[in-house]
Amino acid sequence: MRTQVVIVGGGPSGLLLGQLLHRKGIETIILERKTRDYVLGRIRAGILETGLVDMMREAGVSDRMDKECFIHHGTCISYENEMFDINFQELIGQNVIVYGQTEVTRDLYDARDACGGRTLFEVEDVEIRDAETDSPHVTFTIDGSAKRIDCDFVAGCDGFHGVSRKTIPDTVRKDYEKVFPFGWLGVLSETPPVHDELVYANSARGFALCSMRNEHLSRYYVQCDLDDDVFEWSDDRFWDELKRRLPESVADKLVTGPSIEKSIAPLRSFVCEPMRWGRLFLCGDAAHIVPPTGAKGLNTAASDVHYLFEGLVQYYQDNDTNGIDRYSERALARIWKAERFSWATTNMLHRFPDQSEFDLKMQRAEIESLHYNETAQKWFAQNYVGLPY
Ligand code: APR
Ligand code: PHB
């Protein structure tokens, strides 16, 4: 087999890149380790920056998003019984879109089917070979048969646990990592959201977040210990703990119900440099991870896709390698700013096991500065809605 771009990974990064390239007549084959249903079964945040919304439109997959999404003009931050709104619309004239990542992925798969894009599921033993030459190829097995695809480029969109990043030699690659000493226990419930916007809560008992998927489906999180067992968290224990971390005015409105999904996720910051090795380009979680506090995971994947898409189109249409040669530098410049925002909001809102009384005073002062200082709110808003590409 031969194609122009092999995309390893059929998550949001790979699918969005594939759809954008298709619209420019550039052929791709996506190799996905899991089944489509498995990929679509993942529960993830759905806060979309303007840049991602624009790319969904450019990819021709925005019809359902435009019908079903929620426009959020701001977000709320609470600390003990205080709560304030950061109004993005008033501060900087921008908003964010709430539309589940599962729906983004579903829309992209449907679009790929409609355009006849090739996606191979349940592939195994993927190996990216000769990436440092002008003739890279990818080998893998499917249904027990060994296969090979020759290509011009490989997009490594296979997430944090994929093979792409590891294809870059240790002597070339530098990884930066910070593991946070806590996790998030998340619950999905078929209950109405407690508030019309998200509520990020700092409390003496730890962080909490009130989010949503639609008016009948809510998503809640409480900070938990890394060694917590999700089976030790009954629904009643979860709801009681969530209420104790929210201002009374919010807790009193909380509609509880049975959890339809409950899981614990660790928090880490991670960046791999460079994001290119020869004709292999890393995109999304394959290259970087953020703690979910800033809702940047999907959105940093999107900006990678933007830069790589631009570079590949420039190569194929103008025979100009400037875009792909600058890909890693451009992508990393924006990624590090998103990493900083995610790290800073995580530090501002969570309780750390080793925090001193002084540290707690600093955390309180930072939240109060954000509460009462318009300049601080504008900077928060610019980062939350997404810095320009
Ligand atoms: N071969 C083929 N596919 C693979 C391999 C492999 N060796 N390893 C992983 N994959 C697939 C995974 O099954 C997954 O479907 O690659 C896909 C990677 O998707 P994501 O992990 O969702 O990463 P990405 O597409 O970059 O999307 C980033 O997803 O994890 C969230 O918070 C993150 O919102 C962000 C978004
Ligand atoms: C979510 O809805 O799952 C969500 C929203 C915002 C975040 C993190 C998660 O910052």
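As a basis for the values below, the full set of heavy atoms in this structure was taken, side chains included, without hydrogen atoms, waters or symmetry mates. We count ligands from 1, going down the list as the structure has it; atoms in each ligand are counted the same way.
For ligand 2, the atoms lying closer than 4.0 Å to a non-hydrogen atom of R213 are 1 (C), 2 (O), 3 (O). Ligand-side atoms of ligand 2 in range of T293: 10 (O), range being under 4.0 angstrom from any heavy atom. For ligand 2, the atoms closer than 4.0 angstrom to any heavy atom of P292 are 7 (C), 8 (C), 10 (O). Per-residue contacts place R219 under 4.0 angstrom from the following atoms of ligand 2 (heavy atoms of the residue considered): 3 (O). In the vicinity of Y200, heavy-atom distances shorter than 4.0 Å reach the ligand 2 atoms 6 (C), 7 (C), 10 (O). For ligand 2, the atoms sitting less than 4.0 Å from at least one non-hydrogen atom of A295 are 6 (C), 7 (C), 10 (O), numbered in the order shown with element in parentheses.
The pair D134-R279 meets the salt-bridge criterion, with a side-chain N (NZ, NE, NH1 or NH2) lying under 4.0 Å from an Asp/Glu carboxylate O. Note on E103 versus R213: no salt bridge recorded, every NZ/NE/NH1/NH2 to OD/OE distance being 4.0 Å or above. Under 4.0 Å is where a charged nitrogen must lie from a carboxylate oxygen, and between R64 and D107 at least one such pair does. Residues D66 and R57 are paired through a salt bridge, judged by an N-O separation under 4.0 Å between the basic side chain and the carboxylate. Note on R245 versus E241: salt bridge recorded, some NZ/NE/NH1/NH2 to OD/OE distance being below 4.0 Å. Ion pairing between a basic and an acidic side chain is recognised when a charged N comes within 4.0 Å of a carboxylate O; R129 and D150 show no such pairing.
Within 6.0 Å of the CD atom in E177, the count of heavy atoms belonging to other residues, nucleotides or ligands exceeds 12. Residue E261 qualifies as enclosed at atom CD: its count of foreign heavy atoms under 6.0 Å is above 12.
Residue contacts with ligand 2 include L209, since one of its heavy atoms falls under 4.0 Å from the ligand. Under a 4.0 Å heavy-atom criterion, W184 is in contact with ligand 2.
Grouped by direct or indirect side-chain proximity (heavy atoms under 4.5 Å, Ile/Leu/Val/Met/Phe/Trp/Tyr only), F358 sits with M362.
Residue pairs meeting the salt bridge (Lys or Arg N to Asp or Glu O under 4.0 Å) criterion with at least one partner in residues 334-343, sequence neighbours excluded, are E49-R334.
Of all the heavy atoms of S211, the ones lying under 4.0 Å from any atom of ligand 2 belong exclusively to the side chain. Only the side chain of L198 comes within 4.0 Å of ligand 2, judged by heavy-atom distances.
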Can you list every pair where an N/O of ligand 1 is under 3.5 Å from an N/O on the protein?
unit_1	atom_1	unit_2	atom_2	d
ligand 1	3 (N)	R33	N	3.1
ligand 1	13 (O)	E32	OE2	2.7
ligand 1	13 (O)	R42	NH2	2.9
ligand 1	15 (O)	E32	OE1	2.8
ligand 1	15 (O)	E32	OE2	3.3
ligand 1	15 (O)	R42	NH1	2.7
ligand 1	15 (O)	R42	NH2	3.3
ligand 1	22 (O)	R44	NH1	2.7
ligand 1	25 (O)	P12	N	3.3
ligand 1	25 (O)	S13	N	3.0
ligand 1	25 (O)	S13	OG	3.3
ligand 1	26 (O)	S13	OG	2.7
ligand 1	26 (O)	D285	N	3.0
ligand 1	29 (O)	R44	NH1	3.3
ligand 1	29 (O)	Q101	NE2	3.2
ligand 1	30 (O)	R44	NE	3.3
ligand 1	30 (O)	R44	NH1	3.3
ligand 1	30 (O)	D285	OD2	2.8
ligand 1	34 (O)	Q101	OE1	2.6
ligand 1	34 (O)	L298	N	3.1

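Under the ring pair (Phe, Tyr, Trp, His ring centres under 6.0 Å) criterion, F88 pairs with Y384, sequence neighbours left out.
Counting protein heavy atoms only, atom 4 (C) of ligand 2 is closest to A45 CB, 3.5 Å. From the protein, the heavy atom lying nearest to atom 3 (O) of ligand 2 is Y221 OH, 2.6 Å.
Taking both residues in full, the closest heavy atoms of P247 and E82 are given as CG-O, 3.9 Å, listed atom of the first, atom of the second, then distance.
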